[in-house]
Structure formats: structure tokens, C-alpha cells
Enquirer: 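Mind looking over this structure? Questions follow.
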2 protein chains.
Amino acid sequence: MLLESITVYDIAREANVSVATVSRVLNDTAPVRTSTRQKIMAIIEKHNFQPNVLARSLVNKKTGMIGVLFPDSSNMFFPEVFGGAERAAQKLGYTLFLCNTFSDCSRESEYLNSLCERQVEGLLFMGGRINSRHCPDALVQEVVHIQKKIPIVLINGSLPGHPCHRVKTDEYLGAQLLMQHLIDHGHRRIGFIGGTAETTTTFEKLQAYKRSLLANSLSYRQDWVRLGDFSMACGRKQMDQFMMMPERPTAFLCMNDYVAIGAMKAAISRGLRIPEDVAIAGFDDTQLASAMNPELTTVSQHSEQLGRQAMLILSKLIQKEKVKKLTVLEPTLLIRQSTQ
Amino acid sequence: MLLESITVYDIAREANVSVATVSRVLNDTAPVRTSTRQKIMAIIEKHNFQPNVLARSLVNKKTGMIGVLFPDSSNMFFPEVFGGAERAAQKLGYTLFLCNTFSDCSRESEYLNSLCERQVEGLLFMGGRINSRHCPDALVQEVVHIQKKIPIVLINGSLPGHPCHRVKTDEYLGAQLLMQHLIDHGHRRIGFIGGTAETTTTFEKLQAYKRSLLANSLSYRQDWVRLGDFSMACGRKQMDQFMMMPERPTAFLCMNDYVAIGAMKAAISRGLRIPEDVAIAGFDDTQLASAMNPELTTVSQHSEQLGRQAMLILSKLIQKEKVKKLTVLEPTLLIRQSTQ
DNA sequence: TTGTACGCGTTATCAG
DNA sequence: CTGATAACGCGTACAA
């Protein structure tokens, strides 16, 4: 059951005017005699009348809604991003329609569909298929097709083979900064923990990891790269594995803060001290990083900025303005206790 | 610009049928000859036609949308709650419309308005005015008025003087369990940190705190109750204050996990050991609690359950079923390293 | 089984 | 300044 029971007709009748006039005072779209305007306003107030946005959107073809797809609300990084987007959206007169895909591609497709049917005016896309290194073409096409009709901005991702508007952090640079920091602190044996080989975000960091080793004449050992997923559990499990190796790294680059914290916990429970015995670094600078003890060295993606930028670009796209396809934000290295 | 360019008329014309028939195959609402059905389906597929939900909702008066108001996406507790609600919603065929009020009452009002205009079928309400101990009547009336037309479920809150459907954790009991645990462990001097005197959630815990002291013949000292807000910063600041007192508690009950962690950090940075020198307990069992080192003793509100229950009740309300006004979930004490 | 025509609540166009 | 009236895209009695 919907709220609406009272319509413009009702208030028009009560005011002895036509619906057109009511609409005019509602939208201030044409001059109305002050006396009639006031009469109408009074009746609107009296009944607490709210126009039905559905009907309105149906005619002016504007819903004021922006769809936002994100993979996981339990990873603080994403709420931070869409928090930034939301603030920007509000200033621009848009409302966000948040969709948690739970990193599930089919759910992603469903939401994509649903958002289109709901006539959102633009889409902010994070996670899932746009971070997949081998995304099935069907999934790519889905997005490509939608993009023909409605503007999309990808955040920290891409659609291989299809130019899209994108906003991203230079994750490669971020990982590189981290590596350099570790190396500068004398670490010669560095491991990598977390992420999946399938995801672009992992791949970028892994590339930076490898090249940094190479550039510093340090050896790359495959068994010192232990992927998994993006969770604390993964960090814990993989660090446990490292612990059982005869020869292990003295420092670890982790996929994100969650993984890093899991790794920290595993190390600590084995009696290791951080950073004296082992250095650990995360990524994203979620609240967790500075909450930990010792505080976690990490890289900030300026998550709110990321969301804000994406929303700004999307709004320009909606206004049919030309915008450059790619916007890259520079990450910031945050050196804390866990590595020095 | 909206996606829709092709309508039922277009596909009707192409199939040489009437829009009615198209609508019938779309909704399977009446028998259609198999051959024509297939012809129509083919054309729909071909053009990738998607019906306009706006128009549809306008006639059947169902949007399938549930509005969700929450105060702060940067407090993990809330994403956990609406995560639970979202899973439940999906099974029931609803889509959540998430609105971050940033604990700002005016923003809350705006969203409330916007959601009604958007014809959501129900509302899940968290934070803000429903947790205010002295909520201005105007704000209460806003909600009361909406409630007459559209079902609302309040989560962990209430509207003083107005019966509402509510789902809540027994926070009083939670705090009591925590107190008993501390007392059982020999603590005789216990402090309280965080929250604001204005919020009901703080008040409930504070009541439990006071009564537990009384019931155990322990003295209540006003200067050992240091409120503030719900942030890590608050925990840190207040613990710093405690540190400068000549006589201070040996244990602390904190408003939530964030405050507790702030307090922990402050204590640690002063060289205190946890739990040997000082015991600290949080509330909510967010991811943070088990991520910390030492792990944080806390109380689980079963946040996902909370969201799920609320959504279930709301859906019954929408179906006009009778549902009991109040549902209380029992919290669970989680004893971890920070207190023993 | 299918088509016609109206209604859903607004906005917009065009006369007056 | 104001009032009919036609869209907007779809569902659905009612009739055929």
C-alpha cells in the first residue's frame, strides 16, 4: 500500500482551480497570482500533500537516482567510498541507490537489471566483474549494453576491451611505495599475502611487488606469495603457513588492512613481536589500520575522495558534458608502528 | 536521460499484437497462445526490452522498495544490520533503499520525505531521533504521520508516547552481563566511557551500570562516568582523562567497540597492560572487537539477526498481517582477552 | 485467446 | 494568469 491517497486533483478541487495551477505552484514553473498561490499552498500544507515522484518521473524522465554497486559492506573501504559519493550526490540533487552485491556476479546482474528498470540516471560501479582479470564476455556485454543508454563510472576497475569512464587509485604506485619503505628499512625477504589471482586489484599490487623486488636485486620466491581472499581469516591462515616454513620473510605486504590484521594476529599469537620480529603492511587505510595495536602501516586510497570524484564525473556525464575517460588519484603512504 | 526508449507499444507493433497481449506475456497474467507468446518473447529479447518500473508501479501501486534510515555507515554495526535486512529483503522480493543520515536530523527529515515521495512500501528506522531521550515533538510527529500511511519498524529505538513496531536488543541486559563479568573477575572500581546522555542506547547501558554497582554494593562515582560520543577519539580522550585522576577504575565499560578501542589505545600508550593493569569491554561485537590485540571482550547484538528480524516483521506489516509490537533479541556476552 | 480504452498522478502544451 | 487536455509507459476491466 502506498502513501498517496491525496493527489493534485484533490487539492485542485478544494482550491477551485485546475491541476495545472496546482502543478505550477508546486514547481514554480509559471507565474501564479499570489492570492491563489497562497490558497493552494495552504491546502497543500493542511493535507500534508506530497507529489508522487513516480508519476513525476514518468513525465519528465528524471528520477534523480544514482545506482551504486559495491561488493561488500562489511569491508569498511566501500562504505567510505560511497559515503563520499553520497555527500557529493546530495549537493547535486541526486539520491544514491545502494546495492550490496555480496561479490556475487548473479546478484550483480540482477541489481544491474533492477536499477535500469528503476530508471536510475547513472551508475557507480565497484567490485565484481570490473575487477575480474578474465571476465566472461556475457558479463562485460551486459555492462556495455547498459552503458549505451545510461552513464556509468567504474571505480577502481575496468572493462577490458571497452573504454569506460573510470576513477581509480594508482594501486600499483601504492604497493610500490610500501615496498620501497620496507626495503629502505632493511628488509630483504618480503612476502605477499591475500587477494586472488583473478582480481585486477591483486594483480596490480603483485606486479608492483615483483618489480620492486627485481629493481632492488631481491629474489622473487613463488612460495612467498600466498594469496587467498580479502579477509582477516585469510591473513591469519596464510601467516600460519609462513610460520611453518624453514625460511620465511621478515616483512609482509598484505592485500588490504583486513588481511594484514589477520596476519598480525597470527604472528602475535606465535609470540612474534611487531615490528621487531616481523613487519606487516596493509592497504586502504580503513579505520582498522589506526585502531590496531601496533598501528598498521598502510596506504590511503583517499576513499571518500574516490567516491566524490566518481560522483562528480558521473553528474557531468549525465549533463552530457565531455569528461576525460580516466581519472587517477595518487595514494598516500602512511608509515605507522607495524613496520618500524 | 533515461534508458527507456522502447516501450510495450513498440514491441506490440512489431509483433502485430496489442499492448495488452504484450503485457500478458510480460506478467503471465492471462493465457496467451504459445505461438504469439514466443513471437513476442523473441522481439523482447531482440531489443533487450525492459519494462519501465515507474509506470508499472504507478498503476499497481507497488514499488518493491523498502527505505532504510541509518545514522552512520562508518560504524560497522549498521552495515551489519542492513546486510541482514538486505538478505531477507531479497528473498521477499524487496529492494532496500539505503539512506545514510550521518546522524543529522534535518537530513533524516529530508530522507523521510524523499522516501515517502518515492513511494517506498515500508521503512526501517535506525538511529537519530528514535534514540533521542528528548526528541522534539515535531520530529516525532513527522514519523507518526508517516506511520499512518506506511509501515515502519524501529530498530533499537522508540518513539516516546507512540506505540510502534520495534525490534531491539536488550541492551540493558547486555550491559548487565558485562558488569557481572567484570565484578566476578574481582573488579570493584569500574568506569563508564562514551555515548551521550541524550541517547537512549547510552541511557540503558548507564542504568544497567548503575544498578549493577548498587546490587553489588559498589559505589557509584559520577566522575567515573565520562560520556562524549561514539567514536574511537572519544574513547581515547576520556581514557586520557581517567589517567590523570589520582584514583581510577580498574575496569571500564565502554559504549561500543569503537570507544573501547580508543580507550585501549590510550591505556596502552601510557604503558598500561590490558587486561593486567586495566580491563576494557566494548559493545556490539563488530569485526573490530576480534581484530584487536588483545581481543576485545564485548556483547554481540546479533546485528544481522536484528536486521533480518526487522525486515521480516516489516514485510508482514506490509501484507497487513498482525504482528506483535515489540521483539526483543537477547544479547550474548563474548569474553575475550581484554578483560581476563 | 485477443484488442480497446481507460486509469495511475504528474507535467507540459496551447489556447484563452 | 488560468484551464483543458494530451502525453508519460504500463496494467486491466470489458468486450469481442
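Just so we're on the same page: letters track the sequence lines, and every chain starts at 1.
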Enquirer: Do any side-chain nitrogens or oxygens of B:Asn27 fall under 4.0 Å of OP1 or OP2 in D:dG11?
Expert: yes
Enquirer: Across the strands shown, which category fits A:Val17 at heavy-atom distances under 4.0 angstrom: base, sugar-phosphate, nothing?
Expert: sugar-phosphate
Enquirer: Using a heavy-atom cut-off of under 4.0 Å over every strand shown, decide if B:Val59 touches base, sugar-phosphate, or nothing.
Expert: base
Enquirer: For B:Lys61 and D:dT12, what is the distance between atoms NZ and C1' respectively, to the nearest whole Å?
Expert: 15 Å
Enquirer: In whole angstroms, how far is the P atom of C:dT10 from the CG atom of A:Leu26?
Expert: 8 Å
Enquirer: At 4.0 Å (heavy atoms only), tell me whether A:Thr21 reaches a base, stays on the sugar-phosphate, or touches nothing.
Expert: sugar-phosphate
Enquirer: Round to the nearest Å and state the distance from B:Phe49 atom CZ to D:dC10 atom C1'.
Expert: 8 Å
Enquirer: Which whole-number value in Å describes the distance from B:Arg118 CZ to C:dT10 P?
Expert: 15 Å
Enquirer: Look at the side-chain N and O atoms of B:Ser57 and state whether any lies under 4.0 Å from the OP1 or OP2 oxygen of D:dC10.
Expert: no
Enquirer: Taking for each residue the nucleotide of DNA chain D bearing the nearest heavy atom, is the 5' side occupied by A:Tyr9 or by A:Ser35?
Expert: A:Ser35
Enquirer: Does B:Ala30 or A:Leu58 map to a spot on DNA chain C nearer the 5' end, using the closest nucleotide for each?
Expert: B:Ala30
Enquirer: Can a side chain N or O of A:Arg33 be found less than 4.0 Å away from OP1 or OP2 on D:dC1?
Expert: no
Enquirer: Could you tell me the separation between the CZ atom of B:Arg13 and the P atom of D:dC10, rounded to a whole number of Å?
Expert: 12 Å
Enquirer: Looking only at atom types and distance, does a side-chain atom of B:Arg24 sit under 3.5 Å from a main-chain N or O of B:Ala30, one as donor and one as acceptor?
Expert: no
Enquirer: Looking at B:Lys62, I'd like to know whether one of its side-chain N or O atoms comes within less than 4.0 Å of OP1 or OP2 on D:dG11.
Expert: no
Enquirer: What nucleic acid atoms does B:Asp10 come within less than 4.0 Å of, heavy atoms only: base, sugar-phosphate, or nothing?
Expert: nothing
Enquirer: Given atom CG of A:Asn52 and atom C1' of C:dT11, what is their separation to the nearest angstrom?
Expert: 13 Å
Enquirer: Between A:Arg118 and B:Thr63, is there a donor-acceptor pair closer than 3.5 Å when you use the side chain of the first and the backbone of the second?
Expert: yes
Enquirer: Should A:Ser18 be listed as having a side-chain N or O under 4.0 Å from OP1 or OP2 of D:dA4?
Expert: no
Enquirer: Can you check whether A:Thr29's main-chain N or O pairs, donor with acceptor, with A:Asn27's side chain at less than 3.5 Å?
Expert: no
Enquirer: Whole-Å distance between D:dC1 C1' and A:Ile40 CD1?
Expert: 12 Å
Enquirer: Round to the nearest Å and state the distance from B:Ile11 atom CD1 to D:dG9 atom C1'.
Expert: 13 Å
Enquirer: Name the closest nucleotide to the A:Thr36 side chain, picking from D:dC1, D:dT2, C:dG3.
Expert: D:dT2
Enquirer: Quickly, which of B:Val81, B:Leu96, B:Ile66 forms a side chain to side chain contact (heavy atoms under 4.5 Å, CB included) with B:Glu86? Name it, please.
Expert: B:Leu96
Enquirer: Of the non-hydrogen atoms in B:Pro51 and B:Arg56, which two are nearest, and what is the gap between them?
Expert: CG-NH2, 3.2 Å
Enquirer: Please tell me if A:Thr7 has a side-chain N or O lying less than 4.0 Å from either OP1 or OP2 of C:dG9.
Expert: no
